[in-house]
Participant: 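Here it is: the structure, laid out below.
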Amino acid sequence: QVQLVDSGGGLVQAGGSLRLSCAASGRTFSRTTMGWFRQAPGEERQFVAASSWNGIRTFYANSVKGRFTISRTNTENTVYLQMNSLKPEDTAVYYCAEADTILIPTTPGRYGYWGQGTQVTVSS
C-alpha cells in the first residue's frame with residue numbers, strides 16, 4: 001500500500017511561483033516513476049510532468065515546459081514540482097501519482113496511486 005500526500009498549493013498572481021510537494025510512504029519509493037497531473041473544473045485530468053525513479057529522466061507537457069521543474073529526493077521519499085511564471089490557465093487541482101514502472105507514462109490510467117490533490121489558483 002502506498003500513501004501520497006500533496007501540499008504546497010495556494011493563490012498566486014500571474015507570473016508568480018509555487019512549489020508543490022508530495023510525500024510518499026508505504027513501500028519502496030526509490031524505484032518507481034512519479035508524476036504530476038492537474039485537473040481544472042469540467043476538464044479531464046491532464047499530465048503535467050513525470051520523473052524516472054532516479055530523477056535522471058524527466059518529461060513535461062508542452063504547456064509547462066520551461067516553466068515547471070519536477071525533482072525528487074528518494075532519501076526523503078518526496079517529489080516536488082517547482083512552478084514558475086504561472087499563468088491563469090495553470091489554475092487547477094494538482095495531483096501527484098506513482099507508477100510502478102521504469103517507463104514514464106503520461107496517461108492517468110498507468111498510475112496506481114494518487115495523492116489527495118492540492119489547489120493552485122493563479123489570478124490575472
Participant: Got a sec, which residues hit side chain to side chain contact (heavy atoms under 4.5 Å, CB included) with Ser71, two or more places apart in sequence or on another chain?
Facilitator: Tyr80
Participant: Looking only at non-hydrogen atoms, find the nearest pair between Pro105 and Thr33 and report the distance.
Facilitator: CD-CG2, 4.1 Å
Participant: So which heavy atom on Thr91 is nearest to which on Ala40, and how close?
Facilitator: O-CB, 3.9 Å
Participant: Which heavy atom of Ala24 sits nearest a heavy atom of Leu4, and at what distance?
Facilitator: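 For Ala24 and Leu4, the tightest heavy-atom pair comes out as CB-CD2, 3.5 Å.
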Participant: Taking all non-hydrogen atoms of both residues, which atom of Ile70 and which atom of Ser51 are closest, and how far apart?
Facilitator: CD1-N, 3.7 Å
Participant: List, by chain and number, the other hydrophobic cluster members for Tyr95, where Ile, Leu, Val, Met, Phe, Trp and Tyr join if side-chain heavy atoms come within less than 4.5 Å, directly or indirectly.
Facilitator: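 Phe37, Phe47, Phe59, Val93, Ile104, Tyr111, Trp114, all in the cluster of Tyr95.
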Participant: Donor-acceptor check, side chain of Glu98 to backbone of Gly112, threshold 3.5 angstrom: yes or no?
Facilitator: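 Side chain of Glu98 to backbone of Gly112, a donor-acceptor pair under 3.5 Å: no, none is there.
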Participant: Check Met34 against Val79 and note the closest heavy-atom contact, atom names and distance.
Facilitator: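 Scanning both residues, the minimum pair turns out to be CE-CG1, 3.9 Å.
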Participant: Looking at Ala14 and Pro88, what are the two nearest heavy atoms and their distance?
Facilitator: CB-CD, 4.1 Å
Participant: Kindly check if the number of other-residue, nucleotide or ligand heavy atoms within 6.0 Å of CD (Gln3) is above 12?
Facilitator: no
Participant: Got a second to check how far Ile102's CD1 is from Arg57's CZ, nearest 0.5 Å?
Facilitator: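 Going from CD1 on Ile102 over to CZ on Arg57, the span is 6.5 Å.
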Participant: Val122 and Met83: side chain to side chain contact (heavy atoms under 4.5 Å, CB included), yes or no, with the steps?
Facilitator: CA-CA 11 Å; Val122 184; Met83 306 186 295; over 6 Å; no
Participant: Go through the structure and list residues passing salt bridge (charged side-chain N to carboxylate O under 4.0 Å, His left out) with Arg19, not counting sequence neighbours.
Facilitator: none
Participant: Any donor-acceptor pair under 3.5 Å linking the side chain of Asn74 with the backbone of Trp53?
Facilitator: yes
Participant: Find the distance between CZ (Arg45) and CZ (Arg38) and round it off to the nearest 0.5 Å.
Facilitator: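 Rounded to the nearest 0.5 Å, the CZ-CZ separation comes to 13.0 Å.
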Participant: Distance-only, no hydrogens or angles: does the Arg72 side chain make a donor-acceptor pair with backbone N or O of Gly55 under 3.5 Å?
Facilitator: no
Participant: Looking at CG of Asp100 and CZ of Arg110, how far apart are the two atoms once the value is rounded to the nearest 0.5 Å?
Facilitator: 10.5 Å
Participant: Rounded to the nearest 0.5 Å, what separates atom OG in Ser52 from atom CZ in Arg31?
Facilitator: 11.0 Å
Participant: Nearest 0.5 Å, what's the CG-CZ distance between Leu20 and Phe68?
Facilitator: 8.0 Å
Participant: Look only at the side chain of Thr78 and the backbone of Thr73, and say whether a donor-acceptor pair between them is shorter than 3.5 Å.
Facilitator: no
Participant: For the CG atom of Leu81 and the OH atom of Tyr94, what is their distance to the nearest 0.5 Å?
Facilitator: 7.5 Å
Participant: Cys22 and Asp6: side chain to side chain contact (heavy atoms under 4.5 Å, CB included), yes or no, with the steps?
Facilitator: CA-CA 4 Å; Cys22 174; Asp6 306 321; 3.7 Å; yes
